[in-house]
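Have a look at the structure below before the remarks.
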Amino acid sequence: MGASALLYLGPLLAGLSGMGWDAVPVFIALFALWLVVMRPKQWPRDLSQWTQQTAVAAAAQVAVNALIVVVLFGIGRGISGVSGVGADIPAVLPVALSFLSTPLSRLVWDPVKGQAMDDLLDSAISQINNPSTSLRPAANGDDMVRTLLDLPGDSDAMLTADALAAALTGPATGARLMALEDALDMHEPNRRALREAVILWATDPARDVDTDPHGAQDIAFNIAGSDPVLLHLFAYRALPLLWQKPALWASYPTASKVEIAIDVSQPAGLQSALHDLGSALRKITPDEFRDDETA
């Protein structure tokens with residue numbers, strides 16, 4: 001939003017600096033450039049995707065932005081004329097600010113990934129509102145699972161976690177979670193953001209984890225695999241959740257399973273975090289449910 005604000009600040013400062021109305025088309029063009037870069041779905045790169053409806057919508061966006069430019073430019077000139085403020089603003093500064101808005105916006109936000117997240121959330125909301133469409137087993141090709149697996153591997157993990165939380169809502173949660181575990185096995189090294197999102201989801205203390213399918217935290221541990229960063233993230237978040245909700249012990253990996261994951265080649269912090277989690281599981285797990293290695 002801060003980067004986008006520069007786009008609007010340009011014509012306002014241009015008016016304050018006393019630039020003539022012949023500068024307005026320059027800012028309209030800069031606004032159009034921002035739309036082309038940051039709204040790729042509405043401005044297709046492939047000419048074959050340009051339909052009459054797409055062209056009309058694009059023209060409408062340019063017209064609205066042209067009106068905004070004129071209004072901001074007029075406000076700037078009005079303030080300058082009444083108070084004389086801004087007369088010393090270099091003429092190149094407003095144009096530079098509006099131009100820089102586009103690369104800065106693209107640097108902090110990938111519109112393609114953002115659109116993928118929006119589509120996923122829209123699909124999740126649709127399926128939540130229409131539960132009958134969510135009852136298909138994930139093994140048969142659940143749309144939500146496929147969409148999650150199709151997300152770019154370098155997507156934002158927090159946004160992916162939000163999308164995942166929406167997808168793992170409703171009667172199909174268990175099937176979808178198991179499908180994700182199957183897809184994200186140790187032989188599938190990609191989809192790092194999705195792996196991290198599953199861990200964030202399964203260890204989120206602000207969520208009602210009591211309603212999770214049995215073994216949700218164990219699945220998150222499995223999905224972390226042998227990745228030291230993901231294992232550390234799981235151990236770091238899973239331990240306080242376990243102390244907060246000790247009844248979840250049955251959904252966690254066993255103490256021996258956690259301790260087997262400890263390797264001398266791992267960073268000391270990771271070894272310590274896994275050891276602490278294993279020790280906590282030993283204390284919380286009832287004696288009759290401990291395996292031989294934790295007895």
For [X] and [Y], indicate whether the former's side chain and the latter's backbone hold a donor-acceptor pair under 3.5 Å.
{"X": "R191", "Y": "L149", "value": "yes"}
{"X": "R195", "Y": "I223", "value": "yes"}
{"X": "S272", "Y": "A268", "value": "no"}
{"X": "R77", "Y": "L16", "value": "no"}

To the nearest 0.5 angstrom, please state how far the [atom1] atom of [X] sits from the [atom2] atom of [Y].
{"X": "F27", "Y": "L33", "atom1": "CZ", "atom2": "CG", "value": "13.5 Å"}
{"X": "R146", "Y": "L148", "atom1": "CZ", "atom2": "CG", "value": "11.5 Å"}
{"X": "T173", "Y": "M178", "atom1": "OG1", "atom2": "CE", "value": "10.5 Å"}
{"X": "I68", "Y": "L12", "atom1": "CD1", "atom2": "CG", "value": "13.0 Å"}
{"X": "L93", "Y": "L100", "atom1": "CG", "atom2": "CG", "value": "9.5 Å"}
{"X": "D162", "Y": "L200", "atom1": "CG", "atom2": "CG", "value": "9.5 Å"}

Honestly curious: do [X] and [Y] fall in one hydrophobic cluster under the side-chain, below-4.5 Å linking rule?
{"X": "V95", "Y": "Y8", "answer": "yes"}
{"X": "Y236", "Y": "L239", "answer": "no"}
{"X": "V209", "Y": "L233", "answer": "yes"}

Is the closest side-chain heavy-atom distance between [X] and [Y] below 4.5 Å?
{"X": "D204", "Y": "R237", "value": "yes"}
{"X": "E196", "Y": "V229", "value": "no"}
{"X": "L67", "Y": "V64", "value": "no"}
{"X": "L281", "Y": "T254", "value": "no"}
{"X": "D227", "Y": "H232", "value": "no"}
{"X": "L277", "Y": "F234", "value": "yes"}
{"X": "K257", "Y": "D218", "value": "yes"}

Which heavy-atom pair separates [X] from [Y] by the least distance, and what is that distance?
{"X": "R207", "Y": "A202", "value": "NH2-CA, 3.7 Å"}
{"X": "L72", "Y": "P11", "value": "CD1-CG, 3.9 Å"}
{"X": "T102", "Y": "L30", "value": "OG1-O, 4.4 Å"}
{"X": "S98", "Y": "G10", "value": "OG-CA, 3.2 Å"}
{"X": "A66", "Y": "I28", "value": "CB-CD1, 3.7 Å"}
{"X": "L6", "Y": "L97", "value": "CB-O, 3.5 Å"}

| Neighbour count above 12 (heavy atom, 6.0 Å) for Q52 CD |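 Result for CD/Q52: open.
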| Audit row: L164, L180, side-chain contact (heavy atoms from CB on, under 4.5 Å) steps and yes/no | CA-CA 11 Å; L164 181 70; L180 288 173; 3.7 Å; yes
| Which word best sums up how the rings of F73 and W21 line up, parallel for under 30°, tilted for 30 to 60°, or perpendicular for over 60°? |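 Ring orientation of F73 relative to W21: tilted.
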| message | Please determine whether side-chain contact (heavy atoms from CB on, under 4.5 Å) holds for the pair V24 and M19, giving the CA-CA distance in whole Å, both sets of side-chain angles, and the decisive distance to 0.1 Å. | response | CA-CA 9 Å; V24 169; M19 292 178 67; over 6 Å; no
| query | Does a side-chain N-to-carboxylate-O contact under 4.0 Å join E181 and R176? | reply |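 Looking at E181 and R176, the cut-off is not met.
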| request: Tell me, please, which residues at least two apart from Y252 pass ring-ring contact (aromatic ring centres under 6.0 Å, His included). | output: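 Here no residue qualifies.
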| Contacts of type side chain to side chain contact (heavy atoms under 4.5 Å, CB included), residue Q266, not counting sequence neighbours |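 If we apply the side chain to side chain contact (heavy atoms under 4.5 Å, CB included) test to Q266, skipping adjacent residues, the hits are L231, I262, D263, L270, Q271, L274.
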